[in-house]
J.: 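Have a look at this one.
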Amino acid sequence: MGHPTRNAAMNLFAQIRSLILTTLEGMVADGVLPEGLNVDPITAEPPRDAAHGDMATNAAMVLAKPAGMKPRDIAQALAERLSMDARVTSAEVAGPGFLNLRLAPSVWQGIAAGVLKEGVDFGRADLGTGQKVNVEYVSANPTGPLHVGHTRGAVFGDALASLLDFAGFDVTREYYINDGGAQVDVLARSVYLRYLEAHGQEVAFEDGTYPGDYLIAVGQALKEKVGADYLDQDEGVWLANVRDFSTDAMMELIKADLAALGVEIDVFYSEKSLYGTGRIEAALEDLKNKGLIYEGVLEPPKGKKPEDWEPREQTLFKSTAHGDDVDRPVMKSDGGWTYFAPDIAYHYDKVQRGFDALIDVFGADHGGYVKRMKAAVSALSDGQVSLDIKLTQLVKLFKNGEPFKMSKRAGTFVTLRDVVDQVGADVTRFVMLTRKNDAMLDFDFDKVLEQSRENPVFYVQYAHARVASVLRKATEAGIAVDDATLGAADLSKLDHEAELALLRKLAEWPRLVETAARSNEPHRVAFYLYELAGEFHGLWNRGNEDGSLRFIQEDDAATSQAKIALARATAIVIAAGLGILGVTPAQEMR
RNA sequence: GGACCAUUAGCUCAGCUGGAUAGAGCGCUGCCCUCCGAAGGCAGAGGCCAGAGGUUCGAAUCCUCUAUGGUCCGCCA
């Protein structure tokens with residue numbers, strides 16, 4: 001996975017932090033500080049208030065107690081030494097012992113040069129150190145097209161996978177096909193009805209069947225494949241074949257939906273492939289060997305009236321030994337597996353495939369499932385493999401500010417395809433990431449297409465398009481604007497406060513990638529891009545009032561190139577961020 | 001009865017895993033287009049971070065209760 005020092009070289013905050021640590025080592029060597037201090041909690045981060053300088057460190061406060069010294073004394077001594085570094089123009093002790101650093105303009109100007117040199121790889125991190133991580137998302141039942149709820153999970157999972165890849169993990173994107181349960185039998189029977197219909201028969205869709213129109217074509221295709229062979233036949237004759245035929249057809253449909261959204265899955269993993277192959281048995285055997293499988297009777301759930309509750313002995317997984325609240329059944333009273341059993345086997349398989357970390361993306365309605373799944377992975381891997389489960393909350397649909405109720409019966413059931421067809425994949429993806437994954441999301445079909453600052457999709461795209469516009473104009477004016485030329489421009493001309501502010505924002509990108517990846521939260525990328533765009537638009541508008549801030553300076557190619565370098569660097573970072581989100585950067589707005 | 005998630009400006013939401021005077025958009029008030037796209041920008045007002053305890057140099061952030069809202073709770077996936 002490349003160069004261990006790569007991110008450290010690009011992440012200015014990491015650079016300054018290591019400068020601080022080196023300086024502290026010197027103080028220890030000189031006897032100013034005692035030995036054996038823990039420096040892990042020391043940070044170098046941008047202060048909230050720009051008046052506090054460019055970067056702040058808590059080193060003095062963190063070390064005060066273990067060193068037995070006053071924080072301000074440590075800070076003062078540290079300040080004097082840090083001031084010796086060429087990058088540091090001032091170091092002031094503030095508040096309870098903060099050390100506020102101001103960095104030389106050349107440091108910030110170097111950021112733009114770094115971006116132009118690295119391109120969209122600027123900010124790529126080695127946080128993952130090449131560890132193998134598996135991200136499982138969507139995993140919708142193969143019984144119909146994806147709906148709007150799946151869309152959020154699909155976008156979130158996909159962006160998370162890209163983010164982790166960017167942060168240096170070896171990522172596998174995976175989809176678990178629930179093709180082993182009773183619901184695929186229901187699908188098969190529904191398709192059979194459509195098959196009969198294709199043969200001209202009158203059919204009725206009772207409760208417990210899928211009446212959706214999308215199965216008409218499948219029934220027709222079945223007829224074309226088997227002709228009249230299944231007419232007037234018992235279920236035993238056709239069920240298994242129709243089930244396979246139908247799930248294949250549904251997965252084709254689902255894959256087409258995902259493709260329309262720009263989601264590419266590496267591995268489609270079939271639940272059915274676990275049955276009859278001994279794999280479920282093997283997973284449970286592993287748990288049994290660890291003493292975690294037993295026959296027992298569960299307590300009835302409290303509070304809720306246990307109408308048909310009867311104490312029943314079941315085969316249970318002792319998930320409480322790994323943090324769950326109650327033990328969970330793995331076998332039904334009829335001797336069949338519960339749905340949990342193949343899930344255990346599936347995760348056992350992931351563990352055996354050698355992943356260092358697993359991530360499951362579920363809908364919020366599966367929240368009750370989190371603890372038992374974590375317990376299973378913990379038990380199966382002896383605590384060696386981590387499982388993080390991210391829940392995506394509901395998407396509430398609106399049209400022109402009015403709630404838009406989904407109902408299959410009323411025909412207002414909104415599919416992923418509906419959304420993509422109406423607003424496009426780029427807009428859909430960005431909007432799905434404008435909320436934290438576990439917060440409800442309002443999706444208004446009209447507002448997401450609005451062209452205003454209210455709409456972050458537009459706002460970010462607009463910034464990128466403005467840069468493209470500048471590049472076009474500059475080229476027309478005969479100014480060379482290829483990245484190599486811009487990177488070699490005299491960037492010391494970028495000395496205005498508004499320009500430095502934008503450079504500082506760009507400098508945060510590598511740091512943001514790491515924190516977003518650490519918390520598995522791709523929405524942070526979307527929020528960062530919005531802030532970055534805001535900084536850029538601010539500078540742009542100042543050019544309206546102060547001509548010297550415009551990117552293109554008449555009759556001064558050198559200055560123009562320095563300023564365009566800044567614009568271009570902004571566009572590169574926007575493009576990199578949008579790339580993680582799976583959104584195409586716009587060259588122009590129309 | 002229990003579990004999980006939420007609660008931050010009038011509204012919709014961020015808050016960088018414990019840092020300084022808590023931010024943004026919308027709405028409100030006042031400004032800025034002979035000018036690389038004003039589809040924008042600048043400034044101002046607006047807060048007991050649901051409440052109460054605790055942990056420590058320091059809490060919106062961590063712990064414990066409480067209140068409200070959402071999701072879920074054996075043989076459905």
Side-chain angles (χ1 to χ4, degrees), chain A residues 13 41 43 45-49 51-52 56 58 61-62 64-65 70-71 94-98 100 141 143 178 180-184 271 297-304 306 308-312 314 316 324-329 331-334 336 338-340 342-343 363-371 391 393-394 434-436 438-440 442 450-456 458-459 462 465-466 469-470 472-474 477 508 511-512 514-516 518-519 521 523-524 527-528 530-531 534 537-547 550-554 560 563-564 567 588-589:
Chain A
F13 298 91
T43 60
E45 51 188 13
R48 279 194 186 144
D49 191 339
H52 292 138
N58 61 355
M61 287 180 291
V62 169
K65 198 172 212 178
K70 290 180 186 171
F98 280 103
N100 292 332
N141 292 340
T143 55
N178 287 107
Q183 81 284 356
V184 287
E271 174 191 358
V297 180
L298 287 175
E299 295 285 317
K302 288 169 185 165
K304 200 174 66 173
D308 58 345
W309 173 271
E310 288 171 29
R312 208 165 265 162
Q314 295 170 291
L316 299 169
D324 202 358
D325 304 309
V326 292
D327 293 338
R328 307 289 177 175
M331 199 178 272
K332 293 190 279 191
S333 47
D334 67 3
T338 64
Y339 54 84
F340 187 36
D343 280 341
D365 54 342
H366 288 64
Y369 205 54
V370 171
K371 282 192 180 179
L391 302 178
Q393 260 293 353
L394 294 173
T434 54
R435 285 290 109 91
K436 254 187 313 202
D438 54 2
M440 291 248 223
D442 291 349
E450 220 169 74
Q451 303 203 331
S452 72
R453 175 157 197 177
E454 268 187 87
N455 182 355
F458 162 77
Y459 193 68
Y462 187 31
R466 273 181 153 170
S469 171
V470 168
R472 286 193 294 268
K473 297 260 180 187
E508 286 179 27
R511 186 169 184 272
L512 183 115
E514 289 193 6
T515 53
R518 228 187 290 274
S519 54
E521 291 183 341
H523 77 274
R524 291 183 193 228
F527 280 91
Y528 169 80
Y530 183 70
E531 289 169 14
H537 287 306
L539 175 59
W540 179 287
N541 201 256
R542 277 172 188 255
N544 288 333
E545 295 153 11
D546 179 351
R550 296 188 191 182
F551 294 107
I552 297 175
Q553 297 291 313
E554 300 269 334
S560 296
K563 291 177 184 296
I564 294 169
E588 59 180 344
M589 307 301 292

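Just so we're on the same page: letters track the sequence lines, and every chain starts at 1.
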J.: Where does B:rC33 land, syn or anti, given syn is within 90° of 0?
T.: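 In terms of base orientation relative to the sugar, B:rC33 is syn.
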
J.: Of all the heavy-atom pairs spanning A:K563 and A:F551, show the shortest one and how long it is.
T.: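 In terms of heavy atoms, the two residues are closest at O-CD2, 3.3 Å.
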
J.: Just to be sure I understand the rule, does A:N100 reach a base, reach only the sugar-phosphate, or reach nothing, if contact means heavy atoms closer than 4.0 Å?
T.: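 Base contact.
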
J.: Taking the side chain from A:T338 and the backbone from A:K332, do they hold a donor-acceptor pair closer than 3.5 Å?
T.: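 Checked: no pair found.
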
J.: Check whether any side-chain heavy atom of A:T43 sits under 4.5 Å from a side-chain heavy atom of A:F13, and report yes or no.
T.: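 Heavy-atom side-chain distance check fails, nothing below 4.5 Å.
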
J.: Going by centres under 5.5 angstrom and planes under 30 degrees, do the aromatic ring of A:F98 and the base ring of B:rA20 stack?
T.: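 One would call A:F98 stacked on the B:rA20 base.
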
J.: Assign A:Y459 to base, sugar-phosphate, or nothing according to its heavy-atom contacts below 4.0 angstrom with the strands shown.
T.: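 Here A:Y459 touches the backbone only, sparing every base.
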
J.: Using a heavy-atom cut-off of under 4.0 Å over every strand shown, decide if A:S519 touches base, sugar-phosphate, or nothing.
T.: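 It contacts base atoms.
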
J.: By nearest heavy atom, map A:V470 and A:D325 onto RNA chain B; which one lands nearer the 5' end?
T.: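 Result: A:D325.
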
J.: Would you classify A:F551 as touching base, sugar-phosphate or nothing, given that sugar-phosphate means primed atoms plus P, OP1 and OP2, and contacts are heavy atoms under 4.0 Å?
T.: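 The residue A:F551 makes base contact.
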
J.: Would you mind classifying the nucleic acid contact of A:N58 as base, sugar-phosphate or nothing, using non-hydrogen atoms under 4.0 angstrom?
T.: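 It contacts base atoms.
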
J.: May I ask which nucleotide in the shown strands pairs with B:rG18, Watson-Crick or G-U wobble, both distances under 3.5 Å?
T.: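 No nucleotide pairs with B:rG18.
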
J.: Determine: side-chain N/O of A:W540 to OP1/OP2 of B:rA38, distance under 4.0 Å, yes or no.
T.: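 Yes, within the criterion.
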
J.: Look at all strands and tell whether A:A439 reaches a base, only sugar-phosphate, or nothing, counting heavy atoms closer than 4.0 Å.
T.: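 Counting heavy atoms under 4.0 Å across all strands, the contact made by A:A439 is with sugar-phosphate only.
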
J.: Which one is paired to B:rC26, where only Watson-Crick or G-U wobble pairs with both distances under 3.5 angstrom count?
T.: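 The answer is B:rG10, by the H-bond criterion.
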
J.: Does B:rU55 pair with anything, Watson-Crick or G-U wobble, both distances under 3.5 Å, and if so, with which nucleotide?
T.: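 Paired with B:rU55, as far as the under-3.5 Å criterion goes, is no nucleotide at all.
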
J.: Any base atoms under 4.0 Å from A:I552, or only sugar-phosphate, or nothing? Heavy atoms, all strands.
T.: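 The answer is base, as A:I552 lies within the cut-off (heavy atoms under 4.0 Å) of a base atom.
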
J.: Have a look at A:Y530 and say if it touches a base, only the backbone sugar-phosphate, or nothing, with a 4.0 Å heavy-atom cut-off.
T.: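 Touches sugar-phosphate only.
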
J.: Donor-acceptor pair, distance only, cut-off 3.5 Å: does the side chain of A:E271 make one with the backbone of A:D343?
T.: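 No: the side chain of A:E271 does not pair with the backbone of A:D343.
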
J.: Going by the angle between their ring planes, with limits at 30° and 60°, are A:H537 and A:Y459 parallel, tilted or perpendicular?
T.: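 Answer is tilted, since the angle falls between 30° and 60°.
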
J.: Indicate, with a heavy-atom threshold strictly under 4.0 Å, whether A:H523 touches base, sugar-phosphate, or nothing.
T.: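 A:H523: backbone/sugar contact only, no base atoms under 4.0 Å.
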
J.: Do any side-chain nitrogens or oxygens of A:R466 fall under 4.0 Å of OP1 or OP2 in B:rA38?
T.: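 Checking A:R466 against B:rA38: at least one side-chain N or O falls below 4.0 Å of OP1 or OP2.
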
J.: Provide the Watson-Crick or G-U wobble partner of B:rC33, both distances under 3.5 Å; none if there is no partner.
T.: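 Checking every strand shown, B:rC33 finds no partner, since no pair has both distances under 3.5 Å.
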
J.: With a 4.0 Å limit, can you tell me whether A:K563 has a side-chain N or O closer than that to the phosphate oxygens OP1/OP2 of B:rC36?
T.: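 Result: no.
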
J.: Verify the contact: side-chain N or O of A:Y369 to OP1 or OP2 of B:rU71, cut-off strictly under 4.0 Å; return yes or no.
T.: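 So the side chain of A:Y369 is outside the cut-off, no N or O lying under 4.0 Å from OP1 or OP2 of B:rU71.
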
J.: Is any side-chain N or O of A:N541 under 3.5 Å from a base N or O of B:rG40, one able to act as donor and the other as acceptor?
T.: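 Flag set: donor-acceptor pair detected.
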
J.: How would you label the contact of A:Q314 with the nucleic acid (heavy atoms, under 4.0 Å): base, sugar-phosphate, or nothing?
T.: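 Sugar-phosphate, backbone atoms only, no base.
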
J.: Could you let me know what B:rA60 is paired to, Watson-Crick or G-U wobble, both distances under 3.5 Å, or none if it's on its own?
T.: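 Its partner: none found.
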
J.: Could you give the distance separating B:rU17 and B:rA77 at their P atoms, to the nearest angstrom?
T.: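 One P to the other, the span is 42 Å.
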
J.: Using the P atom in both, what is the distance from B:rG70 to B:rC13, to the nearest Å?
T.: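 Per the computed distance, 15 Å lies between those P atoms.
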
J.: Would you mind reporting whether A:Q393 and A:R435 have side-chain heavy atoms less than 4.5 Å apart?
T.: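 No, every pair of side-chain atoms sits at 4.5 Å or beyond.
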
J.: Both distances under 3.5 Å, Watson-Crick or G-U wobble: report the partner of B:rA77, or none.
T.: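 When the pairing criteria are applied, nothing turns out to pair with B:rA77, so the answer is none.
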
J.: Within the structure shown, what part of the strands sits under 4.0 Å from A:R328 by heavy-atom distance: base, sugar-phosphate, or nothing?
T.: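 Here A:R328 touches no strand at all.
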
J.: Would you list the protein and nucleotides 63-66 of chain B atom pairs, both N or O, that sit under 3.5 Å from each other?
T.:
none

J.: Ignoring backbone atoms, test whether A:K436 places a side-chain nitrogen or oxygen under 4.0 Å from the OP1 or OP2 oxygen of B:rC13.
T.: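 Result: no.
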
J.: Taking the C1' atom in each of B:rU61 and B:rA50, what is the distance between them to the nearest angstrom?
T.: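 The answer is 15 Å between these two C1' atoms.
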
J.: Is the base of B:rU66 syn or anti, if syn means a glycosidic angle within 90° of 0?
T.: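 In terms of base orientation relative to the sugar, B:rU66 is anti.
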
J.: If you measure from the ring centre of A:H537 to the centre of the six-membered ring in the base of B:rG40, is it under 5.5 Å, with the planes under 30° apart?
T.: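 A:H537 ring does not meet the centre or angle cut-off for B:rG40; no stack.
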
J.: Remember a base hit wins even if backbone is also touched, and classify A:A94 as base, sugar-phosphate or nothing at under 4.0 Å, heavy atoms.
T.: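 Contact class for A:A94: base.
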
J.: With a non-hydrogen cut-off below 4.0 angstrom, is A:E271 in contact with a base, only sugar-phosphate, or nothing?
T.: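 Sugar-phosphate, backbone atoms only, no base.
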
J.: By the 4.0 Å heavy-atom rule, please label A:R524 as base, sugar-phosphate, or nothing.
T.: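 The answer is sugar-phosphate, as A:R524 gets under 4.0 Å only of primed atoms, P, OP1 or OP2.
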
J.: Can you find a pair of side-chain heavy atoms, one from A:Y528 and one from A:E508, that are under 4.5 Å apart?
T.: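 Heavy-atom side-chain distance check passes, below 4.5 Å.
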
J.: Would you say a side-chain N or O of A:K332 is under 4.0 Å from OP1 or OP2 of B:rA77?
T.: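 Indeed, a polar side-chain atom of A:K332 lies that close.
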
J.: If pairing requires Watson-Crick or G-U wobble contacts with both distances under 3.5 Å, which nucleotide is the partner of B:rG69?
T.: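 Here B:rG69 is engaged in a pair, and the nucleotide opposite it is B:rC5.
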
J.: Parallel, tilted or perpendicular: which describes the rings of A:H523 and A:F527, with under 30° parallel and over 60° perpendicular?
T.: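 Plane angle over 60°, so perpendicular.
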
J.: Report the C-alpha separation of A:R466 and A:Y462 in whole Å, then their side-chain angles, then the decisive distance to 0.1 Å, and conclude whether the side-chain hydrogen bond (donor to acceptor under 3.5 Å, both in side chains) test is met.
T.: CA-CA 6 Å; A:R466 273 181 153 170; A:Y462 187 31; 3.1 Å; yes

